[in-house]
Protein chains: 2
Amino acid sequence: MKEDTHLNSMFAKFKILQRPYANGLQQVLGPYQMSEAQWGLIRYISEVGPATNSEIALYWSVEKPSVTALAQKLIDQHLIYVVYGTDKRKKVMHLTEEGIVKYQQLKKVVHAFQASLLVDITEEECEVVEKVLEKLQQNFRK
Amino acid sequence: MKEDTHLNSMFAKFKILQRPYANGLQQVLGPYQMSEAQWGLIRYISEVGPATNSEIALYWSVEKPSVTALAQKLIDQHLIYVVYGTDKRKKVMHLTEEGIVKYQQLKKVVHAFQASLLVDITEEECEVVEKVLEKLQQNFRK
DNA sequence: ACTAGTTAGTTAGCCTAATTAATTAAATAT
DNA sequence: ATATTTAATTAATTAGGCTAACTAACTAGT
């Protein structure tokens, strides 16, 4: 055998799961008037800390205007507020009290959703998957 | 410890990788005038066999009109053609000769792309990931 | 202190890919 | 035969990205 040119089925399975996951999460978040992306931003700020638009754009591999629009929706809902940095160009997003409460609510329901998906999957398997995902991320940076 | 309510970081990593992967694949497919979804359909037909719109819609968790639009683009490019089944409602998509050639071309470049991402990842790790992805898929069906 | 170049963010307009609702036609079940 | 379900389409809408062009603020080189 000289060449191994068959496609890796891991990536295909990866792809197939994206929509069920997104649809499921949407079901869970819908009653809270929250999209997956909005939840993602609240989650980031809560877990990583206050962030600028550019930081989010880089982290998510989206362009900055996408973040502007998303942030505006959360501001309208009084879930985040913006503080100007010492560098006056930078607008640092923070959670409001209301945003903190929302995060804690959503965290519970999202966790329940995820737990329902992890049935029959062991800790060890999860760890291997995470390790592989991290390596993939590193390979993207090359 | 009575409750474990912290979010599973595997799903977050999963999410973060989606855009770099899609963007990378788009780079690879762009020169061939092909979107990721179009490639996905060609690939499905080539590897699984001729398929109806409904079959694809179910497999990908999208609505049927989405498949109609996608298929039309491939018909316009003469990459697939449609045969009516014995059930005359069903339109079965097949690859044309041109479509088969396109598949073989793309398979090579996509494989190279995937290989570049799999650096430092072992066969065994891949297998664990695939097994986990399959279990997740089963859990969605519940 | 001026100038040139860069970075952060916004606005406007566009595109793609998805959705829902309504329609037609064919197959199936009562 | 009639009613229901299934396959596919069309039309209209929505969500979430993108690029291009812009302002404002910072940085570095002269």
Side-chain angles (χ1 to χ4, degrees), chain A residues 15-27 29-30 33-42 44-45 50-77 80-94, chain B residues 15-27 29-30 33-42 44-45 50-77 80-94:
Chain A
K15 201 73 203 173
I16 286 303
L17 280 173
Q18 287 179 9
R19 293 190 57 78
Y21 184 78
N23 290 342
L25 199 48
Q26 209 180 311
Q27 287 285 321
L29 296 174
Q33 330 280 9
M34 181 115 315
S35 73
E36 184 178 357
Q38 286 173 30
W39 156 243
L41 183 49
I42 285 180
Y44 185 97
I45 298 172
T52 64
N53 285 19
S54 294
E55 180 181 344
I56 297 295
L58 181 66
Y59 185 67
W60 286 349
S61 310
V62 296
E63 297 301 322
K64 287 182 292 177
S66 304
V67 181
T68 300
L70 179 60
Q72 192 54 54
K73 283 178 195 155
L74 293 181
I75 292 169
D76 293 345
Q77 292 178 264
I80 65 172
Y81 66 97
V82 160
V83 172
Y84 283 86
T86 47
D87 179 339
K88 287 184 201 154
R89 293 168 307 178
K90 290 188 179 168
K91 298 172 79 169
V92 184
M93 296 178 280
H94 295 250
Chain B
K15 200 74 202 172
I16 287 302
L17 280 173
Q18 288 179 8
R19 293 191 57 78
Y21 184 78
N23 290 342
L25 198 49
Q26 207 180 313
Q27 288 285 321
L29 297 174
Q33 332 280 8
M34 182 116 313
S35 73
E36 184 178 357
Q38 287 172 31
W39 156 243
L41 183 49
I42 287 180
Y44 185 98
I45 297 172
T52 63
N53 286 17
S54 292
E55 181 182 344
I56 298 294
L58 181 66
Y59 185 67
W60 285 350
S61 311
V62 296
E63 298 301 322
K64 286 181 292 180
S66 305
V67 181
T68 300
L70 179 60
Q72 193 54 54
K73 283 178 194 155
L74 292 180
I75 292 169
D76 294 345
Q77 292 178 262
I80 66 173
Y81 67 97
V82 160
V83 172
Y84 284 85
T86 47
D87 179 337
K88 288 182 200 155
R89 293 168 307 177
K90 290 187 180 171
K91 298 173 79 168
V92 184
M93 297 178 278
H94 295 251

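Quantities reported herein were computed from a predicted structural model and do not represent experimental measurements. Within every chain, numbering begins at 1; the chains are lettered A, B, ... in the order of the sequence lines, protein sequences first and strands thereafter.
Atom C1' of nucleotide C/dA12 and atom CD of A/Gln72 are separated by 15 Å, given to the nearest angstrom. Across the protein-nucleic acid pair, B/Tyr84 atom OH and C/dT24 atom P stand 16 Å apart, rounded to whole Å. The CD atom of B/Gln27 sits 13 Å away from the P atom of D/dC18 (whole-angstrom rounding). Whole-Å rounding puts the B/Lys91 NZ to D/dT10 P distance at 8 Å. Atom NZ in B/Lys90 sits roughly 18 Å away from atom C1' in C/dT24 (whole-Å rounding). Rounded to whole Å, the distance from CG on A/Leu29 to C1' on D/dG16 is 16 Å. Look at CG on B/Asp87: it is 12 Å from P on D/dT6, rounded to the nearest Å. Computed from coordinates, the B/Met93 CE to D/dA8 C1' distance equals 11 Å when rounded to whole Å.
The only member of A/Val67, A/Leu70, A/Ile56 that meets side chain to side chain contact (heavy atoms under 4.5 Å, CB included) when paired with A/Val62 is A/Val67.
Contact record, B/Met34 with B/Leu29: O-CB, 3.1 Å, taken as the closest heavy-atom pair. When all heavy atoms of B/Lys64 and B/Ala57 are compared, the pair lying nearest together is CG-CB, 3.9 Å. The shortest heavy-atom contact between B/Arg19 and A/Ser61 is NE-O, 3.0 Å. When all heavy atoms of B/Val82 and B/Met93 are compared, the closest pair comes out as CG2-CG, 4.1 Å. Nearest heavy atoms, B/Trp60 versus B/Leu41: CH2-N, 3.6 Å. For the pair A/Ala71 and A/Ile80, the tightest heavy-atom approach, listed with the atom from each and the gap, is O-CD1, 3.8 Å.
The side chain of B/Ser35 lies closest to C/dA17 when the candidates are D/dA24, C/dA17, C/dT20. In this structure, the nucleotide among C/dT10, C/dA17, D/dG16 sitting nearest to the side chain of A/Thr68 is C/dT10. The side chain of A/Pro65 has D/dC18 as its nearest neighbour among C/dT19, D/dC18, C/dG9.
Residue B/Val67 is the one, among B/Val67 and A/Gly85, whose nearest nucleotide of DNA chain D lies closer to the 5' end (criterion: closest heavy atom). Along DNA chain D, the nucleotide nearest A/Ala37 and the nucleotide nearest A/Lys88 are compared for position; the residue whose nucleotide lies closer to the 5' end is A/Ala37.
Dense packing is recorded around NZ of B/Lys15, with more than 12 heavy atoms of other residues, nucleotides or ligands lying under 6.0 Å away. The neighbour count for B/Gln72 CD, taken as heavy atoms of other residues, nucleotides or ligands under 6.0 Å away, is above 12.
One finds a side-chain N or O of B/Arg19 lying less than 4.0 angstrom from the OP1 or OP2 phosphate oxygen of D/dC18.
Listed in residue order, the members of residues 50-63 of chain A having a heavy atom less than 4.0 Å from DNA chain C are A/Thr52, A/Asn53, A/Ser54.
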Pair assignment for DNA chain D - dot-bracket with | for other-strand partners, Watson-Crick or G-U under 3.5 Å | ||||||||||||||||||||||||||||||
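In the interface, the side chain of B/Lys64 is paired with the base of D/dA8 through a donor and an acceptor atom under 3.5 Å apart.
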Working for side-chain contact (heavy atoms from CB on, under 4.5 Å), residues B/Lys91 and B/Tyr84 = CA-CA 5 Å; B/Lys91 298 173 79 168; B/Tyr84 284 85; 3.6 Å; yes
